S.K.: 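After the structure tokens below, expect a handful of questions from me.
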Amino acid sequence: MPETRDLYEEACACIPGGVNSPVRAFRAVGGFPIFIRSAGGAYLHDHQGRSYIDYVGAWGPMILGHAHPAVLEKLRGQLGRGLAYGAPTELETEFARKLCELVPSLEQVRLVNSGTEAAMSAVRLARGYTGRDLIIKFDGCYHGHTDALLVKAGSGALSMGAPDSAGVPAALAELTLCLPYNDTHAVEQACAAHGARLAAILVEPVAGNMGLVPPQPGFLEKLRGLCDATGSLLIFDEVMSGFRVALGGAQTRYNVTPDLCLLGKVIGGGLPVGAFGGRAEIMQLLAPDGPVYQAGTLSGNPLAVSAGLVTLELLQQPGCYETLERYGAALTQGLAEAAEEAALPWATAHVGGMFGYFPGLEGPVTHFKQVAACDHDLFRCFFHGMLKRGVYLAPSPFEAGFISLAHGDEELQQSLEAARTVLRELSRAPRAGKTP
Ligand code: KE4
């Protein structure tokens, strides 16, 4: 049986960094990434047959749990009818209608293949609709890897963005202004200075790419008001929060309706689906009827849409979100208690079926600069200590954790028992580089 290291070195020979998405490489926590061979329910199983309680859930999609029988059944039925047609199907109409029924901001929706595609298309549409170029986003929020959004805060609080990746032209990054999350004053100032040029404010209504940072009371409402005042569009990136924090996403949980909304992850049930949508009068600008071009070979793929349809159908069953909320509350409460027993500062957060924790910080955590100051060594030691005890957490302090409906009391108790053991050991021994 090959060692993980061997598999990783083999992968690195033909895949950059050995992975098809950087966070999977374990760079933030060290060691070699686990190679998964199968998954079922709340569990991942690696190439050596070890099982892990999975709190990554493929970064959000697997809200029903892995290999859900109803999803597999639906896919088996579609397989026999072919995989892709490149032509409209009734399935896509049914799916679009369901999304528009469940998500308040959607009158029309266009399917794509990833959250990145959804974000880049929505930004282009907002610019086409308003005839303006400037975008506001928030530090610590991630909207996929399109050039316009790989931007970090510029030097001054109100200065234009600077590229956050090689290959992004400065001229493009300067069209994106990065502000601190939850900082309504900074957004007010930016709108006062640049409102006439502003096409859209793009925000994760529940931020899941800097750990988990919920919106402070009034933050989303303020963004709604400023977009109305400046004639710009409010875009909620619900790729992660959509169908994760509530059936209709964060916009129903916080009762703020954006002009455009991005979706992904959960709506594909594990297959590649993204979506963007909003008011029909905006969406009508999209080709083929309008001047804003957007397209995709496999958009609306019948297999992916089939998985999405059955996932949304099952999520409408009563009690799903209460179950996720209860588990999230018990898990984060248990983590906080274990850290307190170990006398380790440890902030936590949970919203619906997603959660976060911040080793070394006292809560509440409201913006990126706080998250960046968390105890990364403590995070790393905790991650590996939990992994060794069969609990697979996100391998980065800048990620959220995800709970599925397949996680039950047994998984909760095993996770908290492991956390108590690891944190007790971490509180005793000097940590530098050691893994409990
Ligand atoms: P994708 O292009 O990866 O499907 O979606 C991009 C995206 C857009 N918006 C939000 C709020 C997101 O969280 C994401 C992607 N999330 C990451 C996890 N933080 C995906 C994991 C990865 O990059 O491998």
Side-chain angles (χ1 to χ4, degrees), residues 11 15-29 33-34 36 54-63 110-123 135 137-151 164-165 176 181 200-215 220 235-245 249-251 258 260-277 294 296 298-299 301 304 307-308 351-356 368 371 392-402:
I15 304 171
V19 292
N20 285 305
S21 199
V23 70
R24 303 177 192 171
F26 277 24
R27 289 289 191 277
V29 292
I34 306 288
I36 302 303
D54 178 19
Y55 287 112
V56 174
W59 301 101
M62 308 319 297
I63 197 166
R110 170 69 56 90
L111 298 180
V112 292
N113 300 281
S114 70
T116 296
E117 271 189 84
M120 64 186 248
S121 307
V123 164
I135 300 290
K137 74 174 288 290
F138 295 89
D139 298 341
C141 288
Y142 174 69
H143 307 286
H145 59 89
T146 186
D147 282 357
L149 302 172
L150 283 181
V151 175
D164 201 12
S165 163
T176 304
Y181 193 75
I201 296 178
L202 172 60
V203 67
E204 287 184 58
V206 176
N209 285 288
M210 46 175 155
L212 174 69
V213 177
L220 299 177
I235 305 176
F236 273 8
D237 181 344
E238 297 227 44
V239 167
M240 193 182 274
S241 58
F243 299 98
R244 170 62 59 181
V245 301
Q251 58 197 272
L260 290 175
C261 166
L262 315 182
L263 294 168
K265 295 180 189 279
V266 167
I267 68 167
L271 294 185
V273 179
F276 65 103
Q294 183 277 331
L298 291 172
S299 297
N301 173 273
V351 181
M354 57 198 282
F355 67 93
F368 179 71
V371 179
Y392 191 87
L393 296 166
S396 163
F398 301 116
E399 297 293 350
F402 300 97

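This structure is a prediction, so every number in the text was calculated from the model and none was measured. Each ligand, and each atom within it, is numbered from 1 in the order the structure gives.
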S.K.: Nearest 0.5 angstrom please: R244 CZ to F402 CZ, how far?
M.R.: 6.0 Å

S.K.: Under 4.0 Å from a heavy atom of T116: which atoms of ligand 1 are those, numbered in the order shown and with their elements?
M.R.: 1 (P), 2 (O), 5 (O), 6 (C)

S.K.: Would you mind checking which non-hydrogen protein atom is closest to atom 23 (O) of ligand 1, with the distance to 0.1 Å?
M.R.: S21 OG, 3.3 Å

S.K.: So which heavy atom in the protein is nearest atom 7 (C) of ligand 1, and how far is it from that ligand atom?
M.R.: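 Residue, atom and distance for the closest contact: G144 N, 3.8 Å.
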
S.K.: Tell me, which protein residue and heavy-atom name are nearest atom 13 (O) of ligand 1, and how many Å apart are they?
M.R.: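 Closest protein heavy atom to atom 13 (O) of ligand 1: N209 ND2, 3.0 Å.
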
S.K.: May I ask you to list the atoms of ligand 1 that are less than 4.0 angstrom from any heavy atom of S114?
M.R.: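 Those of ligand 1 that fall under 4.0 Å from S114 are 2 (O), 4 (O).
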
S.K.: Over 60° means perpendicular and under 30° means parallel, so classify the ring planes of Y181 and F138, tilted if in between.
M.R.: perpendicular

S.K.: Compute the shortest N/O to N/O distance between W59 and ligand 1 and return yes if it is under 3.5 Å, no if not.
M.R.: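 No, no N or O pair falls under 3.5 Å.
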
S.K.: Name the closest protein heavy atom to atom 18 (C) of ligand 1, giving the residue it belongs to and the distance to 0.1 Å.
M.R.: E399 OE1, 3.3 Å

S.K.: Has ligand 1 got any nitrogen or oxygen that is less than 3.5 angstrom from a nitrogen or oxygen of R24?
M.R.: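 For ligand 1, there is no N or O atom that lies under 3.5 Å from one belonging to R24.
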
S.K.: Do C261 and I235 touch side chain to side chain, with heavy atoms closer than 4.5 Å?
M.R.: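 SC-SC contact between C261 and I235 ruled out.
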
S.K.: Among all protein heavy atoms, pick out the one at the shortest distance from atom 9 (N) of ligand 1; state its residue, atom name and that distance to 0.1 Å.
M.R.: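 Here the nearest protein heavy atom works out to D237 OD2, 2.7 Å.
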
S.K.: What's the shortest heavy-atom distance between S299 and V112, and which atoms?
M.R.: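 Taking S299 first and V112 second, the nearest heavy atoms are OG-CA, 3.6 Å.
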
S.K.: Side chains of V371 and V213, heavy atoms from C-beta outward: is any pair under 4.5 Å?
M.R.: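 With C-beta onward as the side chain, the pair touches.
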
S.K.: Should the pair F355 and Y55 be assigned to parallel (<30°), tilted (30 to 60°) or perpendicular (>60°) ring geometry?
M.R.: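 Rings of F355 and Y55: perpendicular, over 60°.
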
S.K.: Taking S396 for the side chain and F398 for the main chain, is one N or O donor matched with an acceptor at less than 3.5 Å?
M.R.: yes

S.K.: So which heavy atom on Q294 is nearest to which on S121, and how close?
M.R.: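 Heavy-atom minimum between the residues: CG-OG, 3.4 Å.
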
S.K.: Write down the atom of V266, the atom of F243, and the distance for their closest heavy-atom approach.
M.R.: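 Between these two residues, the closest heavy atoms are CG1-CB, 3.6 Å.
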
S.K.: List ligand 1 atoms under 4.0 Å from V23, heavy atoms only on the residue side.
M.R.: 22 (C), 24 (O)

S.K.: What protein heavy atom sits nearest atom 10 (C) of ligand 1, and how far away is it?
M.R.: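 Scanning the protein heavy atoms, the shortest distance from atom 10 (C) of ligand 1 goes to Y142 O, 3.3 Å.
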
S.K.: Taking only heavy atoms of M240, which atoms of ligand 1 are found under 4.0 Å from at least one of them?
M.R.: 13 (O), 19 (N)

S.K.: Give yes if a backbone or side-chain nitrogen or oxygen of G115 is under 3.5 Å from a nitrogen or oxygen of ligand 1, and no if not.
M.R.: yes

S.K.: Mark up the atoms of ligand 1 that fall under 4.0 Å of a heavy atom belonging to E204, in ascending order.
M.R.: 11 (C)

S.K.: Looking at ligand 1, is there an atom of it that comes within less than 4.0 Å of some heavy atom belonging to K265?
M.R.: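 Judged by the 4.0 Å heavy-atom criterion, K265 does count as contacting ligand 1.
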
S.K.: Would you check if there is a donor-acceptor pair between the side chains of S241 and E238 at a distance under 3.5 Å?
M.R.: yes

